[in-house]
Amino acid sequence: MSSLSSRLTEIVSDIFVQLELPVELGQVDVSDRPDLAQFQCNGAMSAARIAKKAPRQIAEDIVALLRDRVEFETVEIAGPGFINLTVTDAYLQSHLQQTIMTDRFGAPNLGQGQTIVLDYGGPNLGKAMHVGHIRTAIIGDSLRKILSYVGYKTISDVHMGDWGTPMGMILSELEIRYPNWVYFDPDFSGDYPQETPLTIKDFEELYPTASKACKADPDRHKQAQSATLDLQNKRAGYYVLWKHFTNVSVESMKENYASLDVHFDLWKGESDVHDLIAPMVDLLKEKSYALQSEGALVISVEQHNDTKEIPPLILYKKDGAVMYGTTDMATLVERMNLYHPSKIIYVADQRQHLHFEQVFRAVQKAGIVPDSTELIHAGFGTMNGTDGTPFKTREGGVMKLDDFLEMAIHKSLEKLNEVHAENDLSDKEKNDIATKIGISAIKFADLQNNRISDYIFDLDRLTSFEGKTGPYILYQAVRIKSLLKKAGDHSFKDILVSESNKEIILLLTTFPDVLEGTCRNYTPHILCDYVYSLAQNFSSFYNHCHILSEGNETVKSSHLALCKLILDQIETCMGLLGIKVPERM
RNA sequence: GCGCCCUUAGCUCAGUCGGAUAGAGCGUUGGUUUCCGGAGCCAAAGGCCACAGGUUCGAAUCCUGUAGGGCGCACCA
């Protein structure tokens with residue numbers, strides 16, 4: 001770690017050790033009271049109990065040893081025993097140049113090359129993607145980028161829902177509608193048609209109709225379950241037809257994810273691990289973990305110190321079909337074999353928490369995943385509308401993902417036409433910029449919330465361009481780009497610390513801490529907060545300090561170098577959030 | 001019934017390992033442009049951190065209880 005506060009922590013910790021106090025009490029943080037000092041250490045107060053001395057006395061002892069250090073401008077004690085620290089401008093400047101102005105802004109290497117598998121897609125085959133799929137994609141893809149940046153090798157998997165009951169619902173629905181299709185003729189033995197009988201349009205209506213019918217009629221539901229089982233047993237006609245709609249569906253998903261600018265390394269699904277299920281279950285039977293219960297084959301996941309009842313995970317339903325718990329387990333068999341990851345992170349709705357707990361316990365019990373691999377459910381809140389109930393469009397339906405994106409982009413385009421009324425941008429440029437702005441608004445609005453709390457899907461807020469938004473940050477970055485262009489050729493060298501830029505330089509030195517904090521609980525909102533502060537600080541600096549008219553060449557060059565550094569930081573942070581910065585806007 | 005999560009400004013949310021005067025954005029009110037891009041900047045008003053106890057030198061943060069809300073609990077994902 002090479003943030004400035006972590007450097008100071010090293011210095012102060014040494015002194016705590018010298019005084020035979022616990023090393024961790026030497027923790028130095030950015031001050032809560034910038035009017036008093038830049039940094040603070042609260043350890044003297046905690047040490048009082050251990051050392052059985054007055055906190056102020058301990059603070060005095062520590063401060064006596066700190067005063068000689070060249071790093072500090074002032075070292076003071078305040079209140080009950082806060083140690084307030086302010087560094088010299090020279091030290092601040094050298095730290096800036098030696099760590100923050102290096103290739104990755106002092107980013108810590110947390111991953112050390114270890115592998116992390118991320119699972120953040122989960123779209124269902126045969127269903128049009130809607131706004132409900134947006135959170136996992138945005139959060140997951142951002143985590144992928146952030147974790148790669150701090151030294152992990154990441155592998156992301158879209159993990160499609162392609163093997164469960166919804167598949168049987170669609171197949172049975174088609175069989176009811178088109179009983180004469182060859183796919184449904186059990187005696188058919190020739191070659192099935194190469195051409196798909198279905199288009200993506202068909203799916204918009206097909207699944208909702210089938211799902212509704214199954215809910216209303218138990219017999220219809222049984223039919224769907226039986227079709228699911230037949231598919232899982234790879235009944236020829238079903239399987240071929242399923243392949244057709246897999247292809248159609250995946251193509252459309254790829255378009256959706258491409259317009260969101262979300263990437264996956266693997267396009268796997270539940271069905272891909274089908275052949276691993278039987279051997280896995282055999283092994284579980286051998287170890288006596290798989291047991292018959294109420295007609296189903298289950299694995300118990302209770303533990304003796306449980307404070308609650310936790311139901312067993314069902315491996316095979318009584319009709320012999322598998323559910324997603326089983327495919328999730330088998331997927332872990334595959335992931336362990338192929339990648340040996342140190343962590344596997346599932347970015348999925350918090351409502352699935354119990355499911356993941358069951359799966360995690362089951363694979364740990366079965367020895368499929370060793371203790372050395374951490375399994376994490378990074379859950380996020382339920383998506384509600386502004387009235388606090390599950391989100392619906394004004395017409396009461398689900399909002400399709402591409403319609404939503406289109407809305408945001410369209411709104412950006414309108415704003416762009418206002419600003420660039422003189423039409424010095426081509427339509428293509430405008431569309432490109434509007435896309436970047438619209439996507440930035442959506443992604444930033446989503447990521448800036450702590451992922452665990454429920455999510456208010458507020459269209460106006462998600463596509464707003466003012467205040468704490470993606471477009472605001474883009475705007476600041478674009479202003480810097482414009483400024484640097486106007487300044488002409490420059491070699492960026494030293495950044496001189498002065499009163500006008502000290503605050504922003506101090507902020508820049510916290511970047512390594514920000515990354516560390518973001519990765520601690522997989523919460524990109526911490527990074528959002530940082531990049532927003534940075535943009536805000538820049539904007540303030542920009543308004544108070546006229547750069548191009550600066551007469552002193554050294555000062556001007558320093559300002560420009562700082563602007564360049566801030567721009568690079570903003571672009572990097574936004575990149576980690578999955579947001580691209582345009583040249584103009 | 002059991003369990004998990006939540007409750008912070010009018011609204012939407014931050015608040016990391018317990019630290020000093022709890023912060024943003026929106027909204028409201030006022031100011032700001034002969035000058036680098038005003039999607040901006042400066043400022044003000046706005047808080048019983050749901051409530052009640054407890055632990056602590058110190059609690060929005062930890063513990064217990066209460067109220068309100070959300071969610072989950074065997075063949076859906």
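The chains referred to below are lettered A, B, ... by the order of the sequence lines, with proteins before strands, and numbering in each begins at 1. The model shown is predicted, which means the values in this text are computed figures rather than measured ones.
Applying the Watson-Crick and G-U wobble criteria (two distances, each under 3.5 Å), B:rG65 pairs with B:rC51. Searching all strands for a Watson-Crick or G-U wobble partner of B:rG10 with both distances below 3.5 Å returns B:rC26. The partner of B:rC76 cannot be assigned: no Watson-Crick or G-U wobble pair with both contacts below 3.5 Å exists in any strand. Using the Watson-Crick or G-U wobble rule with both distances under 3.5 Å, B:rC41 pairs with B:rG31.
Comparing B:rC26 with B:rG40, their P atoms sit 7 Å apart, to the nearest whole Å. To the nearest whole angstrom, the two C1' atoms, one in B:rA22 and one in B:rC49, are 8 Å apart. Comparing B:rU55 with B:rG1, their P atoms are spaced 31 Å from each other, to the whole Å. Taking atom P on both nucleotides, B:rG47 is separated from B:rC11 by 12 Å, rounded to a whole Å. Rounded to whole Å, the separation between the C1' atoms of B:rU28 and B:rG18 comes to 35 Å. Taking atom P on both B:rG23 and B:rG68, the two are 32 Å apart, rounded to the nearest angstrom. Across the C1' atoms, B:rA14 and B:rC73 are found 32 Å apart, a figure rounded to whole Å. Comparing B:rU61 with B:rA9, their P atoms sit 15 Å apart, to the nearest whole Å.
Listed pair A:Ser46 / B:rG18 fails the phosphate criterion, with no side-chain N or O lying under 4.0 Å from OP1 or OP2. Distances shorter than 4.0 Å separate none of the side-chain N or O atoms of A:Tyr207 from OP1 or OP2 on B:rA77. Side-chain N/O atoms of A:Arg351 include none lying less than 4.0 angstrom from OP1 or OP2 on B:rC5. Distances shown here put every side-chain N or O of A:His355 at or beyond 4.0 Å from the OP1 or OP2 atom of B:rC73. When the side-chain nitrogen and oxygen atoms of A:Lys215 are compared with OP1 and OP2 of B:rC76, none of them lie within a distance under 4.0 Å. Here A:Gln536 reaches the OP1 or OP2 of B:rG25: one of its side-chain N or O atoms lies under 4.0 Å away.
Shown here, B:rC17 is classed syn by the O4'-C1'-N9-C4 or O4'-C1'-N1-C2 angle, which is within 90° of 0.
The nearest whole Å value for the distance from the CG atom in A:Asp35 to the P atom in B:rA20 is 12 Å. One interatomic measurement links the two molecules: CG of A:Asn543 to P of B:rA43, which rounds to 12 Å at whole-angstrom precision. Taking atom CG on A:Asp29 and atom P on B:rG15, their separation rounds to 15 Å, with Å as the unit. One can place CG of A:Leu484 at 10 Å from C1' of B:rC36, the figure rounded to the nearest angstrom. A:Asp454 has its CG atom 9 Å from the P atom of B:rC13, to the nearest Å. When rounded to the nearest whole Å, the span between OH of A:Tyr475 and C1' of B:rA39 equals 6 Å. Taking atom CD of A:Glu357 as the reference point, atom P of B:rA74 lies 14 Å away to the nearest angstrom. The distance from atom CG of A:Asp460 to atom P of B:rG25 is 19 Å, rounded to the nearest whole Å.
For the pair A:Asp32 and A:Gly122, nearest-nucleotide mapping onto RNA chain B gives the more 5' position to A:Asp32. The residue among A:Lys308 and A:Ser539 whose nearest nucleotide of RNA chain B is located toward the 5' end is A:Lys308.
Nucleic acid contact for A:Leu354: sugar-phosphate only, since backbone atoms but no base atoms lie under 4.0 Å from a heavy atom of the residue. Among the atoms of the strands shown, only primed sugar atoms or phosphate atoms (P, OP1, OP2) are found under 4.0 Å from some heavy atom of A:Ile456. Within the nucleic acid shown, A:Gln225 comes within 4.0 Å of sugar-phosphate atoms alone, with no base atom in reach, counting heavy atoms only. Contacts of A:Tyr472 with the nucleic acid, taken as non-hydrogen atoms under 4.0 Å apart, involve only primed sugar atoms and P, OP1 or OP2. Heavy atoms of A:Gly164 sit under 4.0 angstrom from primed sugar atoms or phosphate atoms, though from no base atom. Within the 4.0 angstrom heavy-atom criterion, only backbone atoms of the sugar-phosphate kind lie near A:Met323; the bases stay farther away. Residue-level contact check: A:Ser482 touches the bases, meaning some heavy atom is under 4.0 Å from a base atom.
Residue A:Thr469 places no side-chain atom within donor-acceptor reach of the base of B:rA39, judged by atom type and a 3.5 Å distance cut-off alone.
Both tests hold for A:Arg135 against A:Tyr455: distance to the six-membered ring centre under 6.0 Å, angle to the ring axis within 45°. Taking the centre and axis of the six-membered ring of A:Phe444, the NZ or CZ atom of A:Lys468 falls outside the cone set by 45° and 6.0 Å.
The existence of a salt bridge linking A:Lys415 and A:Glu466 is excluded, since no basic side-chain nitrogen approaches an acidic carboxylate oxygen closer than 4.0 Å.
Taking the six-membered ring for Trp, A:His377 and A:Phe360 have ring centres at least 6.0 Å apart.
Side-chain atoms of A:His544 come within 3.5 Å of backbone N or O of A:Ser540 as a donor-acceptor pair.
Residues A:Asp162 and A:Ser271 have side chains that bring a donor and an acceptor to within less than 3.5 angstrom of each other.
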